[in-house]
Protein chains: 2
Amino acid sequence: MDLDTVRTFVAAADAGQFQEAAAELAITQQAVSKRIAALERTLGVRLFTRTPRGAELTIDGQAFLPHARELLRAAGRAVASVLPGSRPLRVDVISSRVAPSGLMRDFHRAHPEIELDVVMLFDIEAALAAIRSGAIDASFRAVAAPGRPLPEDIASVRVLDEPLQLLTGPAHALASARSVTVAQLAGHRIWMPGLAPGTEWAAYYDDLAAGFGLTIEATGPNFGSDALLDTVADTPALATFMGGQTRLVWPAGHGLRRIPVTDPTPVYPHSLLWRRDNPHPALVTLRDHLAATATGHGAAGTWAPDWATGREGREGRVSRSRGGLRSGGSGG
Amino acid sequence: MDLDTVRTFVAAADAGQFQEAAAELAITQQAVSKRIAALERTLGVRLFTRTPRGAELTIDGQAFLPHARELLRAAGRAVASVLPGSRPLRVDVISSRVAPSGLMRDFHRAHPEIELDVVMLFDIEAALAAIRSGAIDASFRAVAAPGRPLPEDIASVRVLDEPLQLLTGPAHALASARSVTVAQLAGHRIWMPGLAPGTEWAAYYDDLAAGFGLTIEATGPNFGSDALLDTVADTPALATFMGGQTRLVWPAGHGLRRIPVTDPTPVYPHSLLWRRDNPHPALVTLRDHLAATATGHGAAGTWAPDWATGREGREGRVSRSRGGLRSGGSGG
DNA sequence: TACGGGTACAACCGATGGTTGTGAGCCAGG
DNA sequence: CCTGGCTCACAACCATCGGTTGTACCCGTA
């Protein structure tokens, strides 16, 4: 099915006759007639009853019309999603395993009128390059690995510290625990497939493992969360970390357990990054929304790497006081 | 833009390479390459980065992908809307000026999983023919004009008595009234464009006018509710009837008034009609929903034509007692 | 009975979009 | 280091599709 044909159908339905629709579309009446006939042939139903004074919709045509309009609207949105000028706000959310995609869902609920496109880039380097080139408008990332300060033209604001949870199958040794301490995890195998070396994401887990003596295996490609959950559910000796605010499509009957981690609670520090001179109007709305809904970070009893908190030190930091919302470079 | 091309894009994005996508679509790899190249040319952006091991999405490609999927879903729904087997429930709602379209919106809110198509047929004769032929599944109509009983194979149930309201512009003589009696309307011009003779809809207003000595003009073609509202708003001597439960797109700044009519209140008696042997599963759901949400009819102080109430008499009938939900032929 | 409005059919023809054949780039393995 | 296997892209070819023009037909009206 060709969208030009659908457009022709809608034009003919609106005009009530083929001739006028042909004029609108800058083609001949015969071409309209052929297009409609072809559409009717592919659908297997008659869409118009031809009369000497024009063409009016059959019942099937009436039923088809709103769907045809919706089809054209969808096509328009699809084209707009890649149009350079005034395209939808394009945001990188790391992965579906952590909270930013949930934050974007909240934002969409609060501002359904704002067109959004969500993408997932490889790491913060790719995200920064994409932000600087204008390919994306914003990115949720943990920022500022040591020795790699943000470029001058990129602004950031901390929006969420997401507590990690342990995800285990029903036969895991810790499956029945209501919560576990980080110290208890030492010696257990924790599997994080798809954790590519060199990414800020891998750096986080490296620091976490080094700081508390954990064993985190990053082996194997990432076949998606379904495969990961399957494996974890069936392997008693295997567990994985997952963002505490992640909403997954939960496979039924797996007996998977989500167990809070304490003493301290490792949190993943999400910041929003954007280019200061990005003029996209929806970007301001997104920042305002996040500022209004952001839960505090740096809460007592949590842990995050030093390079992400902006403080000095090698071993990561356990927060003992509750902090507020702090900008790493407001404005834009 | 061609939907086959979009389908090819989605297949290639899912497969991660052109070759496999080509196999799925039963075309050659070269054809996929050409289609993608054409799509990229029309969109003006690169969708894939070609690598020696396949093709992966660019950021633009990632942003485009969900829109492309939605486009294909919309196309599927559009085709399904006219597919003979198991197509969406197709209901005739008379016109946008009266309540049935609102009832269908309510039904859609209550059962969003049921695919609906709403059509508007000319009159009850067309509706009955469409119901008998299977072209539509149900129709909201005022039934059984005198001497024309419903065919045996058509069932009906009274679902709503919709009170009429007077619609006037700000300069109309009755504009400031909080309500008007039917007797007060005598002598005023009431305009109902598009009221085609011979329809059950016109018969209703004929009876109303004859029974109470009103002047109802059906002159002129119906240019849609926008044009009607414009004219009524600007013409002090003109008013029109409108269903009391009709939700219109209300033009701002027109100063239009909706005035209840009393003593008695003319009500338009909507029944749902369907073919007894129609097997569409959603039809039962619709009837149950209407039975559960139907407001009483035959309420005290209302008026409806005799032929619509099923009682004898020439002059219409003013109900003095409150009735319940009565079926004119349950089952199906 | 012509006329003017509409649509459909036939003939024609260029552009579209498929095929096959081939080349270039990259990676793994001998 | 070269080769084989995998990928995608380009070239040539050709059938089909979808546009155009010209014409026939139908109906309401002057």
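In what follows, chains are A, B, ... by sequence order, proteins preceding strands, each numbered from 1. Small disclaimer: the values here were computed from a predicted structure and weren't measured. When reading the values below, keep in mind they use all heavy atoms of this one structure, side chains included, and skip hydrogens, waters and symmetry mates.
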[N] [atom2] sits how many Å from [X] [atom1], rounded?
X: R50(A); N: dC27(D); atom1: CZ; atom2: P; answer: 16 Å
X: I36(B); N: dC10(D); atom1: CD1; atom2: P; answer: 14 Å
X: K34(B); N: dC14(D); atom1: NZ; atom2: P; answer: 14 Å
X: E56(B); N: dC8(D); atom1: CD; atom2: P; answer: 12 Å
X: E40(A); N: dT7(C); atom1: CD; atom2: C1'; answer: 12 Å
X: D4(B); N: dG17(C); atom1: CG; atom2: P; answer: 10 Å

Per [X] side chain, nearest of listed nucleotides [options]:
X: F18(B); options: dT23(D), dC8(D), dG18(C); answer: dC8(D)
X: S33(A); options: dT20(D), dG18(C), dA8(C); answer: dA8(C)
X: Q30(B); options: dA12(D), dA9(D), dT20(D); answer: dA9(D)
X: T28(A); options: dT19(C), dT21(D), dA11(C); answer: dT21(D)
X: P52(A); options: dC26(D), dT20(D), dT7(D); answer: dC26(D)

Would you please name every residue forming a ring-ring contact (aromatic ring centres under 6.0 Å, His included) with F18(A), sequence neighbours left out?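 Only F48(A) meet the ring-ring contact (aromatic ring centres under 6.0 Å, His included) criterion with F18(A).
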Between R35(A) and dG19(D), is there a side-chain N or O to OP1/OP2 distance below 4.0 Å?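 So the side-chain polar atoms of R35(A) do come within 4.0 Å of the phosphate oxygens OP1 or OP2 of dG19(D), strictly under.
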Classify the ring geometry of W201(A) against Y205(A): parallel below 30°, tilted from 30° to 60°, perpendicular beyond 60°.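 Geometry flag for Y205(A) against W201(A): perpendicular rings.
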Closest heavy-atom contact between I36(B) and F9(B)?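 In this case the closest contact between I36(B) and F9(B) is CD1-CA, 3.7 Å.
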Quick one: salt bridge (Lys or Arg N to Asp or Glu O under 4.0 Å) partners of D117(B), sequence neighbours excluded?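 For D117(B), no residue satisfies salt bridge (Lys or Arg N to Asp or Glu O under 4.0 Å) once neighbours in sequence are set aside.
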Base, sugar-phosphate, or nothing: which does Q19(A) touch, judged by heavy atoms less than 4.0 Å apart?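 The residue Q19(A) makes base contact.
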Starting from the 5' end of DNA chain D, give me the residue, R53(A) or D2(A), whose nearest nucleotide shows up first.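 By nearest-heavy-atom nucleotide position, the 5'-most residue is D2(A).
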